[in-house]
Chemist: 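Below you will find the structure I want to go over with you.
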There are 2 protein chains.
Amino acid sequence: MRQNPERRAALLDAAIEVLAAQGARGLTFRAVDQQAGVPVGTASNYFASRDALLVQAGERVFTKLDPNAAPAPADLPRTREGVDRAMRAMVERITAYPSGYLAVLELRLESTRRPQLREVLTGQVRGHFQKDLDLHREAGMPGDEQAMTLLYLALAGLIVERLTLPGFIGPDAVDPLVTALVDRIVPAE
Amino acid sequence: MRQNPERRAALLDAAIEVLAAQGARGLTFRAVDQQAGVPVGTASNYFASRDALLVQAGERVFTKLDPNAAPAPADLPRTREGVDRAMRAMVERITAYPSGYLAVLELRLESTRRPQLREVLTGQVRGHFQKDLDLHREAGMPGDEQAMTLLYLALAGLIVERLTLPGFIGPDAVDPLVTALVDRIVPAE
DNA sequence: ACTGTACCACTACACATGAAGTGGTGCCAA
DNA sequence: TTGGCACCACTTCATGTGTAGTGGTACAGT
């Protein structure tokens, strides 16, 4: 088993791209090798099995999607308007990097068949959501936990819609929908 | 090309199960044959190509998911409470038939790579949503189009969450979330 | 009642694709 | 010089598509 961490990370990033482009079933050692531009057999040397590759890709994609997730809270007003701006930024950020979220969706579906992967994903989602919740509360933003859960679900739905059938909800409809959502979900201050 | 309509329908139903169980990439003629319990080669005789199979499965799954979609409006109060009941029933109905919605999710992701499939799915989603909208309005239920769109997105998000990572949002949390959602989205009467 | 036709279920096969795993070679650094 | 790593060649295997072909059956024309 090879150890080089940069190379391993590069392979995982390639795996994420493959997931988005070809689906979970298309995630093979060779496809990863090709995407990463390394010789055939490399991925096979870094991951014991396809399962391991899948799980590690699942771990990585969240660390790539989320860390920048909290760029805002600091200089944002602690009002509904502030929440609105944060949410719009989040939707913008995620839809601007489709591969990442599409890979997550593929992994979610694949986790239907792989208990181990499901464990990992559930832990990741729970953890990141909890962190966002804590940040939100510590920043003194309006909206209780239930409100944030509802926002999370609706935005997730919106993002899925935008990424998979962009013709249904057009690009111009996004911001108004997010604003309307926040207006209705987050209590007036 | 074979014509027997019952057999074709049975093959498409089998295709939906395969989609849910094995993903879009697992949808092969042979897998469909096996799932439907018919001899190898049958599906190949009924569909000109894998593409055609995918598209026709995409058409069918919506007709199977939706028609029962409007069992309620008649005897439901034209109030927020009525909307709440309708929405809870809908979530219940969809999560009770996981294969159907999981197949839709697989198709959505696959449509990322297949323009023709994307066209079909976009049309189906748009059409069914519009129909629901019309029924809702004609029944005199509270909530304008934007409110219904927000409800749709949030419930879609909730369903995805329930079907793919059931450990994150537990089964007992569903009804309260739906009720809270409707309370916040649909204006008080 | 007989025969021919059309359709269909089922079978078999030819061809292609793509992947996994293994073993080996050369290189570089400790 | 020894160990770890990148790279490569080759074998083996599994799976799927598309199509051709076979036998059976229902139906219609005569």
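Residue numbers start from 1 in every chain, and the chains themselves are labelled A, B, ... in the order their sequence lines are given, proteins ahead of strands.
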Chemist: Taking the six-membered ring for Trp, are B:Phe129 and A:Phe168 parallel (under 30°), tilted (30 to 60°) or perpendicular (over 60°)?
Modeler: perpendicular
Chemist: Just wondering, more than 12 heavy atoms not from A:Gln34 lying within 6.0 Å of its CD?
Modeler: no
Chemist: Let me check something: any side-chain donor-acceptor pairs from residues 12-24 of chain A under 3.5 Å, sequence neighbours excluded? List them with distances.
Modeler:
{"from": "A:Asp13", "atom 1": "OD1", "to": "A:Arg60", "atom 2": "NE", "distance (Å)": "2.5"}
{"from": "A:Asp13", "atom 1": "OD1", "to": "A:Arg60", "atom 2": "NH2", "distance (Å)": "3.1"}
{"from": "A:Asp13", "atom 1": "OD1", "to": "A:Lys64", "atom 2": "NZ", "distance (Å)": "3.4"}
{"from": "A:Asp13", "atom 1": "OD2", "to": "A:Arg60", "atom 2": "NH2", "distance (Å)": "3.2"}
{"from": "A:Glu17", "atom 1": "OE1", "to": "A:Ser99", "atom 2": "OG", "distance (Å)": "3.1"}

Chemist: Does any pair with a residue in residues 35-50 of chain A pass side-chain hydrogen bond (donor to acceptor under 3.5 Å, both in side chains), and if so which ones, sequence neighbours excluded?
Modeler: none
Chemist: Establish, with yes or no, whether the OP1 or OP2 oxygen of D:dC5 is under 4.0 angstrom from a side-chain nitrogen or oxygen of A:Asn4.
Modeler: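 False: A:Asn4 side-chain N/O out of range (4.0 Å or more) of D:dC5 OP1/OP2.
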Chemist: Check whether any side-chain heavy atom of A:Arg88 lies under 4.5 Å from a side-chain heavy atom of A:Val91, and answer yes or no.
Modeler: no
Chemist: Report the C-alpha separation of A:Arg137 and A:Asp134 in whole Å, then their side-chain angles, then the decisive distance to 0.1 Å, and conclude whether the salt bridge (charged side-chain N to carboxylate O under 4.0 Å, His left out) test is met.
Modeler: CA-CA 5 Å; A:Arg137 183 174 38 233; A:Asp134 293 346; 2.9 Å; yes
Chemist: C:dC8 phosphate, OP1 or OP2: any side-chain N/O from B:Tyr46 under 4.0 angstrom?
Modeler: no
Chemist: In whole Å, what is the span from the CD atom of A:Gln34 to the C1' atom of D:dC7?
Modeler: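 Interatomic distance, CD of A:Gln34 to C1' of D:dC7: 16 Å.
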Chemist: Check DNA chain C against residues 5-19 of chain A and give the residues with a non-hydrogen atom under 4.0 Å, in numerical order.
Modeler: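 Nothing qualifies; none.
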Chemist: Test: side-chain hydrogen bond (donor to acceptor under 3.5 Å, both in side chains). Region: residues 155-166 of chain B. Which pairs qualify, not counting sequence neighbours?
Modeler: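 Pairs touching residues 155-166 of chain B that pass the test: A:Arg108-B:Glu161, A:Arg108-B:Thr164, A:Tyr152-B:Glu161.
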Chemist: Classify every nucleotide of nucleotides 11-21 of chain C by which part a protein heavy atom approaches to under 4.0 Å, writing B for the base, S for the sugar-phosphate alone and - for neither, in 5'-to-3' order.
Modeler: B-------SBS
Chemist: Is the shortest side-chain heavy-atom distance between B:Tyr101 and B:Val160 below 4.5 Å?
Modeler: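 Of all side-chain heavy-atom pairs linking B:Val160 with B:Tyr101, at least one is under 4.5 Å.
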Chemist: Please tabulate, one pair per line, each protein N/O and nucleotide N/O from nucleotides 24-27 of chain C that are separated by under 3.5 Å, including the distance.
Modeler:
none

Chemist: Answer yes or no: is there a side-chain heavy-atom contact under 4.5 Å between B:Leu155 and B:Leu181?
Modeler: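 Yes. Closest side-chain heavy atoms under 4.5 Å.
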Chemist: Count the heavy atoms of every other residue, nucleotide or ligand shown that sit under 6.0 Å from CD of A:Gln146, and state whether that count exceeds 12.
Modeler: yes
Chemist: Could you give the CD-to-P distance, from A:Gln3 to D:dG3, as a whole number of Å?
Modeler: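 To the nearest whole Å, that distance equals 17 Å.
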